[in-house]
Every structure is written in C-alpha cells, then in structure tokens.
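In listed order, ligands and their atoms are each counted from 1.
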Amino acid sequence: MSAQLIDGRAIAEQIHAETAATIQQLKTQHRLTPGLAVILVGENPASVAYVGMKDKMCARLGIHSEKIHLPASTSQGELLNLVNDLNFRSDIHGILVQSPLPDQISEDVIFAAIDPTKDVDGFHPLNVGKLALGDPTSFVPCTPAGVHELLIRCGITVEGAHVVVLGRSRIVGRPVSLILSQKARHANATVTVCHSRSRNLAAICRSADILIAAIGVPRFVKADMVRDGAVVIDVGINRVDGKLVGDVDFDAVKDKAGWITPVPGGVGPMTIAMLMHNTVLAAKRRHGLA
Ligand code: GUN
C-alpha cells in the first residue's frame, strides 16, 4: 500500500471534542442546550442504523435529541404537521428528516417545509441557493461538509486543484461541487461533475488531482481511473455479500493513490461530526451567538 490512509474516525473525534467544548460553554455561559429532532419514517435498515448513531452521538456530546419514529404508512400531511410543530419549538434548534422517505411522501415538499434556520441537513431550497451563491449564512449539507473538512485537516491543497466528482445527488455530488468551487479559502478548485451520462469517464477521472466518488455503485472506481498520487475520497456505502464496500475498488486503488479514505472509517464518521456541528451552529445563530 502506497497511499496514506485518511482516518475519518480520528478526525471526526477531533471535531466531536471541539463541539463538546462549545456545548459546555453554551450551557455554562448562556444556559443554552442545543436540541435536535431526528425523524425516521419506516424501517429502512440503513436509516434505522444512521438515526440510532445520530441519537447516541447527541447524548454523548450533550445535545438534547428527540428521535421520532413514524410508521411507513405515514401520510405527507401527517409528516408536514410534525415538521411544522418542530419549527415552532424553541428547545429544538435542528430538524433532520432521514432520507429516503416512503413513496407517498415527496422529499422536496418535506425539505422545503423545514424552517431554513433549523435545516441542519442544508437541503432546504433557500440553503441550497445560498450555498450556490456563496452566502456563508447557509447550512452546508453534512456529508459534503465532512469531505471538505477531511481535505482541510489532512493538509491537502484544494486551491487550484482539479476535483472530479462522480455523482450529482442532492446529498453529496451537487453540494460538494459547489463547496469546492467556491471563491473562498480552502476552495477555489476547478470542479468537474460527472454522472451516468458522462462520456470518457475514465479519462476525466484520470485527470483528477482529487477524485470524489459518490455514485452508489460498489467498487466502481478502478486503478486505471486514478492518476498516480491522486487523492481519492470514497463517499459510497454499499452492502455486498454482507460486507460494507465503497464506490472505490480500495484494494486495487490504494497502491496508486496518494491519499485514500477507507470504507468504513473514512467519510462516514464525518457526516455525524458535521451534523453535530451544524446543530450547535443552529442553536448559536438562534441566540445571536454566531
Ligand atoms: N440519508 C443519507 N444521508 C443523509 C443525510 O445526510 N441526511 C438525511 N436527512 N438523510 C440522509
């Protein structure tokens, strides 16, 4: 193995320590306890696991959390009513509705109903628009923010780099491309967004200084798609024969890349770290402290 391993667990722990210190300060100096509501609809096993992890991390850091588990048969109207109630609660600073939602509920409608100042996922159209405009008062979606933070904390130069993003999803591909192409410190990258209709995919990937894989196809990125010494960030979480694998063929690519994230233990832990960070930020903003 020649690549340096990016230890997402260790970096997430650093962020958790910083967040926990901020929370203690808010409690002692401002009598303020950040509060997060996490809504799960149905029994998607991955979602059940993620929501459980988010809830546990809140408890560990001192965030008040409410896990609300609704049946898969919940109507859009019922979920809207719940979101609306949470929008008006002064003890709840962040609201997260776990995706995916059952077919009878439109994610677009639900995300747009969340108070944008409580939208710790950054999926509300107002926050997406602010991110596109470079307005720093937006909430930045957690997984892409986690990818950015990994690059920064590993000392990887983003400025001027060619970043190739595989995938254009609302949750990862699109926002990570916006973050890294911003006119800002630790950004200013040249970003190419590729997707299922892109021609010459392998050649484009080979031109990347930083390759971000978020397409949801197990082991899609092979060694011949990676330039010697490139940084490879694997956002994929796929279950194959009971084993978690990413969107990168790790065993083949690790000998080619300069840096690489493992799955699990790479980007995954960063998502929760940034969610905790965003929740504290929402509480601080509500009280004029940020
Ligand atoms: N499903 C997968 N990732 C996420 C996320 O970051 N937020 C929400 N709400 N749902 C998800």
Open item on the list: Taking D224 first and then K256, would you say they form a salt bridge - that is, a charged N and a carboxylate O separated by under 4.0 Å?
Closed with: no

Task: atom 11 (C) of ligand 1 [closest protein heavy-atom partner, distance rounded to 0.1 Å] - done: Q98 NE2, 3.3 Å

Open item on the list: For Y50, which part has a heavy atom under 4.0 Å from ligand 1: side chain, backbone, both, or neither?
Closed with: neither

TODO: Write down the atom of D234, the atom of V267, and the distance for their closest heavy-atom approach.
DONE: O-CG2, 3.6 Å

TODO: Establish, for the pair R285 and F139, whether the NZ or CZ atom is under 6.0 angstrom from the six-membered ring centre and no further than 45 degrees off its axis.
DONE: yes

TODO: Would you indicate which of P144, S99, G146 comes nearest to atom 1 (N) of ligand 1 when only heavy atoms are counted?
DONE: S99

- [ ] Return the option from L96, V97, D121 holding the heavy atom at the smallest distance from atom 7 (N) of ligand 1.
- [x] D121

TODO: Please report the closest heavy-atom contact between V253 and A223, naming both atoms and the distance.
DONE: CG2-N, 3.8 Å

